[in-house]
Amino acid sequence: QVQLVESGGGLVQPGGSLRLSCAASGPTFSSTAMGWFRQAPGKEREFVSMITWSGGSTYYSDSVKGRFTISRDNAKNTVYLQMNSLKPEDTAVYYCVGETTFVGASISNGYYPGESDFGSWGQGTQVTVSS
């Protein structure tokens with residue numbers, strides 16, 4: 001199983017940027033797709049982004065597309081989420097996720113993965129967008 005630890009959250013003004021990092025340990029990191037979910041106060045967890053094991057394909061929810069960028073460095077066992085043009089509605093706890101067999105191409109057809117599609121979860125990092 002992959003162990004995941006997020007960092008990089010914090011308080012940022014609307015329009016600002018943050019970069020989240022997810023350090024992974026375990027033998028299967030470089031062979032599994034990774035992703036990010038988030039959970040806003042009073043709301044359910046929602047899919048944010050996903051990247052294939054090679055980093056060759058990336059996928060985003062409509063709410064973050066064009067503003068967020070996911071990437072990975074398999075040599076460093078790390079996944080990143082660059083968040084630009086942040087909005088107050090991006091305020092949430094962000095979770096790094098891994099170990100999935102979900103087919104990323106489904107996202108392009110409007111089918112987002114659910115929580116049960118990922119076998120490993122980090123503890124989460126708080127992102128607050130406020131002036």
Side-chain angles (χ1 to χ4, degrees):
Q1 190 177 14
V2 178
Q3 287 76 49
L4 307 171
V5 179
E6 305 95 333
S7 61
L11 173 64
V12 62
Q13 292 187 342
S17 298
L18 278 176
R19 189 176 81 156
L20 305 182
S21 298
C22 173
S25 60
T28 61
F29 170 80
S30 61
S31 63
T32 182
M34 301 289 295
W36 293 90
F37 275 66
R38 68 184 181 184
Q39 185 169 24
K43 295 187 177 181
E44 295 183 352
R45 287 182 184 178
E46 64 173 356
F47 168 76
V48 174
S49 183
M50 179 174 152
I51 186 168
T52 55
W53 68 270
S54 67
S57 295
T58 57
Y59 307 93
Y60 303 92
S61 66
D62 288 343
S63 61
V64 307
K65 193 176 300 181
R67 300 187 298 122
F68 290 11
T69 302
I70 190 171
S71 62
R72 68 190 294 165
D73 185 336
N74 285 347
K76 296 182 178 180
N77 278 13
T78 303
V79 177
Y80 306 97
L81 186 68
Q82 178 67 43
M83 305 185 295
N84 298 329
S85 303
L86 282 162
K87 305 174 181 180
E89 51 263 44
D90 294 317
T91 295
V93 177
Y94 283 71
Y95 297 90
C96 179
V97 295
E99 295 192 294
T100 182
T101 57
F102 189 86
V103 177
S106 300
I107 300 171
S108 302
N109 295 323
Y111 295 98
Y112 294 160
E115 295 182 51
S116 62
D117 288 309
F118 290 85
S120 296
W121 288 73
Q123 83 289 349
T125 185
Q126 177 70 47
V127 172
T128 303
V129 185
S130 175
S131 56

Student: Are the charged groups of K87 and D90 less than 4.0 angstrom apart, N to O?
Tutor: no

Student: Answer whether the closest heavy-atom distance between the side chains of V103 and Y111 falls below 4.5 Å.
Tutor: no

Student: What orientation do W121 and F37 show, parallel under 30°, tilted 30 to 60°, or perpendicular over 60°?
Tutor: tilted

Student: Could you tell me if S61 and S63 have a donor-acceptor pair between their side chains, going purely by distance under 3.5 Å?
Tutor: yes

Student: Test your reading of the model: is there a side-chain donor-acceptor pair from Y59 to the backbone of T52, 3.5 Å cut-off?
Tutor: no

Student: Give the cluster check for V64 versus I107: same hydrophobic cluster or not, with ILVMFWY residues linked at side-chain heavy-atom distances below 4.5 Å.
Tutor: no

Student: Sub-3.5 Å donor-acceptor pair from the side chain of N74 to the main-chain atoms of W53, do we have one?
Tutor: yes

Student: Starting from L4, can I reach V48 by hopping between I/L/V/M/F/W/Y residues whose side chains sit under 4.5 Å apart?
Tutor: yes

Student: Could you tell me whether a side-chain N or O of R67 sits under 3.5 Å from a main-chain N or O of S85, the two making a donor and an acceptor?
Tutor: yes

Student: Partners of S71 by side-chain hydrogen bond (donor to acceptor under 3.5 Å, both in side chains), sequence neighbours excluded?
Tutor: none

Student: Taking atom CD as the centre, does E44 end up with more than 12 heavy-atom neighbours from other residues, nucleotides or ligands that are less than 6.0 angstrom away?
Tutor: no

Student: Taking V5's backbone N and O only, do any of them form a donor-acceptor pair with Q123's side chain (distance below 3.5 Å, no angle check)?
Tutor: no

Student: If I take atom CH2 from residue W36 and atom CZ from residue F47, how far apart are they, to the nearest 0.5 angstrom?
Tutor: 12.5 Å

Student: Identify every side-chain donor-acceptor pair in residues 9-26 under 3.5 Å, counting partners at least two apart or on other chains, and give the distances.
Tutor:
unit_1: S17; atom_1: OG; unit_2: N84; atom_2: OD1; d: 2.9
unit_1: S25; atom_1: OG; unit_2: Q3; atom_2: OE1; d: 3.4

Student: Going from OG1 on T69 to OH on Y80, what distance comes out if it is rounded to the nearest 0.5 angstrom?
Tutor: 14.0 Å

Student: Would you please classify the geometry between the Y94 ring and the F68 ring as parallel, tilted or perpendicular, with 30° and 60° separating the classes?
Tutor: tilted

Student: Any chance you could measure K65, atom NZ, to T58, atom OG1, to the nearest 0.5 Å?
Tutor: 10.0 Å

Student: Between A92 and R38, what is the shortest heavy-atom contact and its length?
Tutor: CB-CB, 3.9 Å

Student: To the nearest 0.5 Å, how far apart are CG in N77 and CE in M34?
Tutor: 9.0 Å

Student: From I51 CD1 over to T32 OG1, what is the distance, rounded to the nearest 0.5 angstrom?
Tutor: 11.5 Å

Student: Which heavy atom of A33 sits nearest a heavy atom of M50, and at what distance?
Tutor: CB-CE, 3.9 Å

Student: If you look only at distance, which donor and acceptor atoms sit under 3.5 Å apart when one is on a side chain in residues 95-102 and the other is two or more places apart or in another chain?
Tutor:
unit_1: E99; atom_1: OE1; unit_2: V2; atom_2: N; d: 3.3
unit_1: E99; atom_1: OE1; unit_2: S120; atom_2: OG; d: 2.4
unit_1: E99; atom_1: OE2; unit_2: T28; atom_2: OG1; d: 3.4
unit_1: T100; atom_1: OG1; unit_2: F102; atom_2: N; d: 2.9
unit_1: T100; atom_1: OG1; unit_2: D117; atom_2: O; d: 2.6

